[in-house]
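Residue numbers start from 1 in every chain, and the chains themselves are labelled A, B, ... in the order their sequence lines are given, proteins ahead of strands. All heavy atoms count here, side chains included; hydrogens, waters and symmetry mates do not.
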Amino acid sequence: MTPDALLPVAVLLPLGVATLLLALAHWLPPRLPKVVAILTALAVCGLCAFLARHSLDGPVRHWFAGWTPDATHRPGIVLGIGFQADPASAALAAFCGLLFTASFVFAWGYFDTEHAHFHVLMLLFLAAMVGFCLTRDLFNLFVWFELMSVAAFALTAYPLGRSALEGAFTFTITNALASFLMLAATGLLYARTGTFDFAAMGQAVARTGSDPVLTGGFVLVASALLTKAAILPFHLWLADAHAVAPSPVSVIFSGAMVSLALFGLAKLVAQVFSGDPQVMALVRGLLLWLGLATALVAGLTAFAQRHLKRLLAFSTIAHLGIMLTALAAGTGTATAGLLLYVVGHGLVKGALFMVAGMLLALRQSADEIVLYGQGRGLWAPALAMGVGGLMLGGLPLGLMHGATHWMDVSAAAPAKAVVTLASALTGAAVLRAAARIFLGASGVPGPELLAPTEREREKADRPLWLMAAPALALVVLALAPSKAVMPFLGAAAARLRDPSLPPLTLPEAGFGHLTPLGLTLALLGLALLRRRAVRGVSRGIILVERRSFGALQALHSGLVGDYVTWMAVGLALFALACAGQAAG
Amino acid sequence: MSALSLSALPWLVAAWLFAVGLYGIVTSRHCVHLVGCLTVCQSATYVLLLGIGYVRGAGPPIFYDHPPGTPAVDPVVQALVLTDIVVGAAVSALLLAIAIQVQKRRGTLDPQALRPLRPPPSSLE
């Protein structure tokens, strides 16, 4: 069988298995769907890895029903819908398969699945993500985006608890609005280019150059994808949804779903909009600023959280901001860094959400203050959380370290400083929680004492080793040396832009400097050595700190009306940036 | 009305519908009303898409009793609208199902009263 015939199988397999499981759930023994789901995710991972390997020799393409661009006999008119595996897209699809496998193992016995609904929804989710990676058609991309959203909405609401329902409601409203924006953008771009095929659109855009309708289309599609990728000021839904979703689902949300949206945007910018100077100016200007603002604000907010899943959610937002700065830089090296960062961060964040899930199952809470000292003796989760926190904070080892090195190469010094501070804040926040829970070390709680929290628990009757094994496996994978994937990344970053480009040679990521890690440990020490303020000056400082963090918390109110208002503000920001460009 | 202002009309209607829907979502005091407002926002995209595909003086894109090549409106955008109506129905159904469950568990459907995570109890301070 040729690889191009296998391309649609990567999507059809999880879709077909999900349908079959749903139809047969009543008759199957309860364990069978779990085994089938794990095997399907593994098969998708293997298949996409095979496609990634093959696409190094040139892109693998499949046109559905044989509607190739030549079939219409009119040059420039593409009626068919195509899938295309370039190394980057196929590798990310394989990464999704891997993360789903780990999450399915982690979720073994989590749900009392009489009818396997959890596994059906998860497989639909996987199919949508793989389709999102592999498609080369804008409307098709929108359809996978929608399928991904709908599966995610249902999975968030799955436990049917109070918080889960309310979080899912906010999540659904904001992300449904985002998909309307994306549909409108699809229409606008079609109006100017007359096609949905990425390559044909790119040629049309290069011919017409800057055009207000094209810019409008870009603004709408970027707002939609940035909402999914939780970039300031579109980010407010994420912390609620990630904090209330079941842990195995949060693993996928934080590890793959949100960063995949950013990858989609990077692909669109590289393949469709690179010929439009006005759009590229927006990417280099506004998106860079948004990324930096997101990293800083979310890093600070993450540091002031006490609910572990909410803390991790804000850390995800901060790291998405960091990834957006690489997207805005747009060089080949930065793109390679972005691709590796998506994978490295996904592995780490997946493992950390699993640790939160273990604590919810074994100790009935995810609140670091309630859990103080309760994790003694749980060495496996402690190890995963400690190493994960260090990697977020800039440990000079592993995939994230190499990725940061390549993303940094072209960045300006102030931007580098903000990125370092943001990742140190998130790393220190995770390590502080780990020190409190597993070591019983603590200073007086700071602003995190006032953060929102919840009393909840997750189903407990699973052996610890079954939950710890996938988390530790993800951490070990994230520690892999970035040198091993360098040649592949060079090819992937170049071919994301144009399949005919030669592979990039990336600069070797050395040991790097220890500033980020030092900053992380300094912030951790600050949090753990904190003492009650007695004197006048320190009381004043505490008061100011409390007020400013209180304002940050108030921004994340949990009310859907506020969130939608901020989305409108984001759109207005884009409009202002466009107007500013037109004026000068 | 001049031709220019006429061709701008669908764009203005779409923008107006979207803005009205957003206003409704932001100020809504009932979840079901909020879902309705979301549908208004969605209709804005339909108006926009149909406006894009419209060709003056052209017929429907059905060539059963016309020779191929007769001017017709763009069938592609209509296909997009049709696809999205299906997805939109699924989203609305899901939201209404969530609303029913919220009502069962919280006894209220006021979005201003729903917050996923609450501030910590004051006893912990």
Validation: residues 70-77 of chain B side-chain donor-acceptor distances under 3.5 Å, sequence neighbours left out:
unit_1	atom_1	unit_2	atom_2	d
B:Thr70	OG1	B:Pro67	O	2.4
B:Asp74	OD1	A:Tyr190	OH	3.4
B:Asp74	OD1	B:Val76	N	2.9
B:Asp74	OD2	A:Tyr190	OH	2.6

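Heavy-atom distances place both the backbone and the side chain of B:Leu95 under 4.5 Å from chain A. With a 4.5 Å cut-off on non-hydrogen atoms, B:Ile98 touches chain A through its backbone and its side chain both. Looking at B:Leu94, the atoms closer than 4.5 Å to chain A (heavy atoms on both sides) all sit in the side chain, from C-beta outward. For B:Val102, the parts lying near chain A are the backbone and the side chain together; criterion is any non-hydrogen pair under 4.5 Å. Contact annotation for A:Leu79: neither backbone nor side-chain heavy atoms come within less than 4.5 Å of a heavy atom of chain B. Residue contact with chain A, scored on non-hydrogen atoms closer than 4.5 Å, involves the backbone and the side chain of B:Leu38 alike. At a 4.5 Å heavy-atom cutoff, B:Tyr23 makes no contact with chain A through either its backbone or its side chain. Both the backbone and the side chain of A:Ala184 come within contact range of chain B, with heavy atoms under 4.5 Å apart.
The greatest number of non-hydrogen atom pairs below 4.5 Å with chain B, out of A:Val150, A:Thr565, A:Leu177, A:Val560, is found for A:Leu177. For the options B:Ser28, B:Cys31, B:Ala19, heavy-atom pairs under 4.5 Å to chain A are most numerous at B:Cys31. Contact count against chain A (heavy-atom pairs under 4.5 Å) is highest for B:Gln42 among B:Gln112, B:Gln42, B:Lys104. For the set B:Val35, B:Leu80, B:Asp84, the count of heavy-atom pairs under 4.5 angstrom toward chain A peaks at B:Leu80. Most heavy-atom pairs under 4.5 Å with chain B, from the set A:Leu181, A:Ile173, A:Leu147, A:Thr186: that is A:Ile173.
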Please evaluate residues A:Phe145 and B:Val87 with respect to the criterion side-chain contact (heavy atoms from CB on, under 4.5 Å), reporting the C-alpha separation (whole Å), side-chain torsions for both, the decisive distance (0.1 Å), and the verdict.
CA-CA 11 Å; A:Phe145 181 83; B:Val87 182; over 6 Å; no
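The structure places OG1 of A:Thr172 at 11.0 Å from CG of B:Leu34, a figure rounded to the nearest 0.5 Å. Separating the CD atom in A:Glu166 from the CZ atom in B:Arg105 is a distance of 11.0 Å, to the nearest 0.5 Å. Atom OG1 of residue B:Thr83 and atom CD of residue A:Glu146 lie 10.5 Å apart, to the nearest 0.5 angstrom.
For the pair A:Gly187 and B:Leu49, the tightest heavy-atom approach, listed with the atom from each and the gap, is CA-CD2, 3.3 Å. What you find for B:Ile52 and A:Ala191 is that their closest heavy atoms are CG2-CB, 3.6 Å. Pairing each heavy atom of B:Val91 with each of A:Ala176, the nearest pair is CG1-CB, 4.1 Å.
Not counting sequence neighbours, the partners of A:Phe139 by the ring-ring contact (aromatic ring centres under 6.0 Å, His included) test are A:Phe142.
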